[in-house]
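Some notes on the structure that comes next.
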Amino acid sequence: MKTTDITLVFQGAVKPYVTREHEDFARNIRLTRKVLPGACIVLSTWAGTELPPGLQVDAVVESADPGGLAPLKLGDNKANNINRQLLSTRAGLAAVETPYAAKLRTDCCLEHGGFIDYYREQLALDGGRDRLLASSFFTLDPSMFERLPFHLSDWFQFGPTPLLRDYWAAPPMLAKDARLYESQDHAAGSTVFERQFRARFAVEQYLCLHFAHGRGYTVPSFLNDVSDTVLVDYRRFLAQDAMLLDPWQIGLRFDKYGWVGNSPFQRLNNLMHLDWLALANPTLVGVADPAPLHALIAARRRQKALARRAFAHSRPLHGLLFDPNRPHHPVRRLAARMVRQLARG
């Protein structure tokens with residue numbers, strides 16, 4: 001695999017200037033060109049978009065805006081953009097002519113090409129069998145706080161071009177599914193985070209479950225369907241068809257969500273590379289000195305088990321602990337310190 005075998009599809013809205021959030025698409029392209037000089041770059045955005053002058057991309061694909069759906073969560077006022085994302089990503093991938101493609105957002109860039117090295121190593125371990133590489137943030141762990149199986153991150157994805165096209169081939173989400181929990185109660189026992197959803201599925205779930213169902217996996221029938229058959233097949237899907245890397249392993253720079261990597265809560269809530277490794281290669285085949293990794297995996301499991309118990313026993317306090325309007329409450333500060341200590345082991 002050479003860099004000339006790869007096309008990077010940047011998908012999303014673009015502004016020709018540096019925004020008040022300090023987003024700079026022209027800079028993102030320059031930085032990415034520097035680390036993958038041989039790769040082709042496609043921008044897939046919206047009709048009528050004003051582009052930065054002198055933008056160094058190989059192709060621009062413009063799509064008509066299909067519009068948004070009702071906000072994903074009950075307390076939000078921002079449109080659910082899943083159908084926009086689907087349409088624009090498919091259009092960008094349709095323009096790819098190389099055997100491999102990566103999909104990333106316009107507000108991201110690459111600082112190095114480490115994902116290529118990891119992917120090559122995994123190809124060798126798998127005897128040439130391809131996988132879909134994705135970011136650990138936000139690939140949710142359904143055994144933790146947000147129990148959403150088949151929630152595979154869409155921050156960054158890489159693999160053979162036909163595989164990515166298959167992944168992004170889901171039909172548009174229907175308006176009735178985008179509003180399901182306006183008229184229907186959430187499942188009994190839903191956590192404080194799961195009860196926030198308006199839509200039948202999270203965006204990442206909707207994409208992944210259509211892809212996985214087409215490959216024969218048992219997928220959720222509702223948001224937090226954590227039946228045994230679903231969880232077994234989710235773990236099997238991750239072990240056999242996916243590959244998770246942490247953003248710093250990929251080379252992904254995502255300033256807007258830089259806080260996620262520093263959040264002990266999110267490090268526990270998501271499936272990190274170490275968690276995926278325990279699923280996909282439990283005996284650590286190919287690792288020269290597996291003992292330290294086995295120790296890290298065991299420590300990680302203990303951390304998560306403690307966090308699950310703490311979350312379950314603190315349920316009466318969840319309304320306070322996770323209220324965004326009371327971040328400085330003494331009980332909340334105490335809980336935050338405990339989570340940080342737990343995350344540090």
Side-chain angles (χ1 to χ4, degrees), residues 11-12 66-90 103 105 132 134-157 163-238 241-242 244 257 260 266 269-271 322:
Q11 177 272 328
L69 295 169
L72 185 69
K73 296 185 178 181
L74 293 166
D76 285 354
N77 55 16
K78 188 176 74 171
N80 178 348
N81 288 324
I82 182 170
N83 291 340
R84 287 172 166 149
Q85 190 179 4
L86 268 168
L87 177 68
S88 184
T89 302
R90 273 204 299 264
K103 182 270 177 191
R105 295 167 42 144
L132 181 71
S135 168
S136 57
F137 296 139
F138 277 96
T139 298
L140 298 184
D141 183 343
S143 73
M144 298 303 293
F145 317 124
E146 290 181 276
R147 298 167 305 158
L148 278 58
F150 288 87
H151 191 291
L152 188 73
S153 177
D154 59 4
W155 276 13
F156 176 92
Q157 294 179 349
L163 188 65
L164 261 70
R165 288 175 178 156
D166 285 347
Y167 191 86
W168 289 89
M173 181 181 282
L174 300 176
K176 66 177 184 178
D177 286 331
R179 293 182 175 272
L180 179 71
Y181 291 112
E182 287 182 349
S183 57
Q184 178 176 312
D185 291 338
H186 292 87
S190 294
T191 72
V192 63
F193 302 108
E194 295 154 11
R195 291 183 184 279
Q196 295 173 6
F197 279 85
R198 171 184 278 108
R200 181 181 177 188
F201 296 110
V203 169
E204 295 88 342
Q205 259 188 313
Y206 182 81
L207 297 168
C208 187
L209 68 86
H210 277 278
F211 175 73
H213 178 68
R215 294 184 160 234
Y217 292 97
T218 301
V219 298
S221 57
F222 56 92
L223 180 79
N224 50 351
D225 179 358
V226 287
S227 58
D228 289 344
T229 52
V230 168
L231 292 181
V232 165
D233 267 20
Y234 183 39
R235 289 190 288 267
R236 192 163 61 89
F237 168 78
L238 291 170
D241 285 294
L244 299 181
Y257 288 101
V260 176
Q266 292 300 344
N269 196 39
N270 289 279
L271 288 164
F322 302 109

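- Taking each heavy atom of A187 and N224 in turn, the nearest pair found is CB-OD1, 3.9 Å.
- Across Q266 and F138, no two heavy atoms sit closer than the pair OE1-CE2, 3.2 Å.
- Residues meeting the side chain to side chain donor-acceptor pair (under 3.5 Å) test with S136, sequence neighbours left out: D246.
- Between atom CG of residue L209 and atom NE2 of residue H151 there is a gap of 11.0 Å, rounded to the nearest 0.5 Å.
- Here the shortest heavy-atom pairing between D233 and G216 reads OD2-O, 4.2 Å.
- The aromatic rings of F237 and F211 stand perpendicular to each other, their planes meeting at an angle above 60°, with 30° marking the opposite boundary.
- Checked by atom type and distance alone, the side chain of E194 pairs as donor or acceptor with a backbone atom of R147 at under 3.5 Å.
- Looking at residues two or more places apart in sequence or on another chain, you find a side chain to side chain donor-acceptor pair (under 3.5 Å) between R105 and D107.
- Scanning both residues, R195 and G189, for their nearest heavy atoms gives NH2-N, 3.9 Å.
- We find the CG-OH distance between L148 and Y234 to be 9.0 Å, quoted to the nearest 0.5 Å.
- S88 places no side-chain N or O within donor-acceptor distance of the main-chain N or O of Q11, the cut-off being under 3.5 Å.
- Considering only residues two or more places apart in sequence or on other chains, L231 meets the side-chain contact (heavy atoms from CB on, under 4.5 Å) condition with P142, P149, V226, R235.
- For the atom pair CG of L180 and CZ of F197, the computed distance is 12.5 Å after rounding to the nearest 0.5 Å.
- T218 OG1 to R236 CZ: the interatomic distance, rounded to the nearest 0.5 Å, is 7.5 Å.
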Show the atom names and distances, to 0.1 Å, of all donor-acceptor pairs under 3.5 Å that link a side chain in residues 70-80 to residues at least two apart or in another chain.
residue: N80; atom: OD1; partner: I82; partner atom: N; Å: 3.1

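- With F137 as the partner, the side-chain contact (heavy atoms from CB on, under 4.5 Å) test is satisfied by one option alone out of N269, V260, L244: V260.
- The two residues F150 and C208 make their nearest non-hydrogen contact at O-CB, 3.1 Å.
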Compile the donor-acceptor pairs under 3.5 Å between side chains in residues 163-174 and protein atoms, sequence neighbours left out, one pair per line.
residue: R165; atom: NE; partner: L93; partner atom: O; Å: 3.0
residue: R165; atom: NH2; partner: L93; partner atom: O; Å: 2.9
residue: R165; atom: NH2; partner: V96; partner atom: O; Å: 2.9
residue: W168; atom: NE1; partner: Q157; partner atom: OE1; Å: 3.0

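- The aromatic rings of Y257 and W155 sit tilted, their planes meeting at an angle between 30° and 60°.
- The shortest non-hydrogen separation linking S153 to T139 is N-OG1, 3.0 Å.
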Evaluate the criterion side chain to side chain contact (heavy atoms under 4.5 Å, CB included) for residue pair N270 and L140; output intermediate values, then yes/no. CA-CA 4 Å; N270 289 279; L140 298 184; 3.5 Å; yes
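- Annotation for H213: atom NE2 does not count as buried by contact number, only 12 or fewer foreign heavy atoms lying within 6.0 Å.
- Pairs passing the salt bridge (charged side-chain N to carboxylate O under 4.0 Å, His left out) check and including a residue from residues 212-230, sequence neighbours excluded, read R215-D241.
- A donor atom on one side chain and an acceptor atom on the other are not found under 3.5 Å apart for Q85 and N81.
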